[in-house]
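Proteins come first, then strands; the chains are lettered A, B, ... in the order of their sequence lines, and each starts at number 1. Since the model is a prediction, treat every value here as computed from it, not as a measurement.
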Amino acid sequence: MEVDLEYEKTTALDAETFKKIQPKEYLRRFLQQDTRPDGRAVSESRQINFNADPISKCVGSATVKSGNSMVICGIKAEITTPDPLYPKQGYFIPNLDLPAMCNPRFKPGPPQQLTQSLSEQINQLFEKCNIFNKEQLAIENGEVCWILYADIVCLNYDGSVMDIALLALFSALKSLTLPLVEYIDGQVKQVDGYRKLEIDRVISSTTFCIFDDKLLLDPTDDEELEGSILTVFVDHEGLFCGINTFDGHLSKDKLDECLLSAQQRATKLIKLI
Amino acid sequence: MRPDQRTNTSVRTMGSGLGYLSRADGSAKFQFGKSSVLCAVNGPMAVKQRDELMDKAYISVSFTPLVGKGTTLDRLYERILEKIATLVIIDALHPRTMIRISFQVLADDGSILTTAVNAMMLALLDAGVPLNSTFAGVTTMVHTDGRLLLDPTVIELEEAQSVHNFVFDAISGNCIATNSTGVYTKEEFDGSYELASLACQSIHGFFKAAVKHKIEKEQGKE
């Protein structure tokens, strides 16, 4: 049979249109060839770039870029009164923001459910995993202490934002320098010199996308939308600090595969910080 | 032995009340001991134009804690519950509608997320929303002294090294949701997984009995 090439050309969909109307099938066609729409292999992550201390007005900051995803983290230090329940400790308040500029899916205004749940996951790490001793933030017992606001802002959301948010947060914490202060007669005075925080536990996360029983490492936004997401948190000793998956049909074997792969990636990621 | 006379691998006494609310399309109360969550399901109903989906139902979840208007933790719970609901409900059967699932914590004595998961399962069954499978959830924790405890209470959670929430699909036996916090080894996670998987099977048996009881009552067979 003779094929009318001109007719084929006009009716066949171009890739962009096909992607828009059949996003699942579009991704599936790539995975059948063991590759992904951006040319990576199934278990290949994106190149990560760091920029240490981009914000000079912060006590510690970092930007991290992985493929098109990009976050910036800045830590601001202020002086306040300690919590009466923990008079020897200071405060550490991490917060992740996904502003409307980073992805057309996000709306301007108060933080949405996704933003708040990602923030809460970071907060849980700091509450439950003894990352650093908050007594290092004390200035005078029961009188004054440091409060550190760690603001992580996503500039470009292209998937796996938790991974780079944690990289940025920990590299900002590592570069953090607190000014030395003295507390005399109810007044806080700055003296010469700086000190660093001792970090006891460094945690990295690895995001997977489960699509058609395949595990895609470090998914992009398009991939995240089509499959279900699994995030594994691993510390510098290879211990697990959390696993989150909310809608994946995972057998134990697949889950074990993710955990092992996350452990291997964690050692590489933590070296970068 | 634990403070409430349980063994390490037993859940607290479960309680349920299907059709607890008269005005909701489906509702249920679920209890693990003193932890109690009420869940109401309404829908399919009219949807705001902004939320309307052309090919499936929009699923909206709201989780109200015992006191206050909710923290970021409650938003995380909402997200987990919404994801589970989206996975299980056959949403393509009701395009351009909304299914609203609301939770109210009635009493908090630990393991509140999995209590809510189980309340949602019973409420969805009560509402007759089309589902592609059933599920059950349970919480485990690893104590600082290394003991593995099932369904911990608030007092036990204060001494937790790590806490694991699991939701298992009753048909495939696969894990559909996990949320773990704290520091733990692979072995501890595997132990928790096994324990939770077995516990979910017995919780599922409880669901069957609860639904059977309700249907018999409706048909007048006491």
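For the atom pair A/Phe246 CZ and B/Thr178 OG1, the distance stands at 8.0 Å (nearest 0.5 Å). Here OG of B/Ser180 is found 10.0 Å from CD of A/Gln124. Values are rounded to the nearest 0.5 Å. The CG atom of B/Leu87 sits 4.5 Å away from atom NE2 of A/His249, with the distance rounded to the nearest 0.5 Å. Once rounded to the nearest 0.5 Å, the distance linking OG of A/Ser117 with CG of B/Asp74 reads 12.0 Å. Interatomic distance, CG of A/Leu96 versus OG1 of B/Thr72, reported as 11.5 Å (0.5 Å rounding). Rounding to the nearest 0.5 Å gives a distance of 5.5 Å between CG of B/Asp190 and CG of A/Asp256.
Other residues, nucleotides and ligands contribute only 12 or fewer heavy atoms inside 6.0 Å of the CD1 atom of B/Ile155. Within 6.0 Å of atom CZ in B/Arg100, 12 or fewer heavy atoms from other residues, nucleotides or ligands are found, so the atom counts as exposed in its surroundings. Residue A/Tyr86 places its OH atom among 12 or fewer non-hydrogen atoms of other residues, nucleotides or ligands, all under 6.0 Å distant.
When all heavy atoms of B/Tyr193 and A/Leu255 are compared, the closest pair comes out as CE1-CD2, 3.7 Å. The shortest non-hydrogen separation linking B/Lys186 to A/Lys252 is NZ-NZ, 4.0 Å. The heavy-atom pair separating A/Gln113 from B/Arg79 by the smallest distance is NE2-N, 3.5 Å. In terms of heavy-atom proximity, A/Ile243 sits nearest to B/Tyr184 at CG1-OH, 3.3 Å. When all heavy atoms of B/Asn174 and A/Ser251 are compared, the closest pair comes out as OD1-CA, 3.4 Å.
The choice from A/Gln116, A/Lys128, A/Arg201, A/Gln121 that makes the most heavy-atom pairs within less than 4.5 Å of chain B is A/Gln116. Considering only heavy-atom pairs separated by less than 4.5 Å from chain B, the leading option among A/Leu250, A/Leu239, A/Thr231, A/Leu125 is A/Leu250. Highest contact tally toward chain A, considering only B/Ala85, B/Ala160, B/Cys175, B/Ser162, is held by B/Cys175 [criterion: heavy-atom pairs under 4.5 Å]. Ranking A/Thr245, A/Asn244, A/Leu260 against chain B, the residue ahead of the rest is A/Thr245, based on heavy-atom pairs under 4.5 Å.
Within the 4.5 angstrom heavy-atom criterion, only side-chain atoms of A/Leu259, from C-beta onward, approach chain B. Residue A/Leu118: no heavy atom, backbone or side chain, is found under 4.5 Å from chain B. With a 4.5 Å cut-off on non-hydrogen atoms, B/Phe189 touches chain A through its side chain but not through its backbone. Heavy-atom distances place both the backbone and the side chain of B/Leu76 under 4.5 Å from chain A. At a 4.5 Å heavy-atom cutoff, the contact between B/Ser172 and chain A is made by side-chain atoms alone. With a threshold of 4.5 angstrom between heavy atoms, B/Glu82 approaches chain A through side-chain atoms but not through N, CA, C or O. Only the side chain of B/Asp169 comes within less than 4.5 Å of a heavy atom in chain A; its backbone stays farther off.
The closest side-chain heavy-atom distance from A/Asp247 to B/Ile84 is not below 4.5 Å.
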Note to self: Under the criterion side chain to side chain contact (heavy atoms under 4.5 Å, CB included), I'd like the reasoning laid out for B/Val183 against A/Asn130: C-alpha separation, chi angles, the key distance, then a yes or no.
What the structure shows: CA-CA 9 Å; B/Val183 182; A/Asn130 308 319; 5.9 Å; no
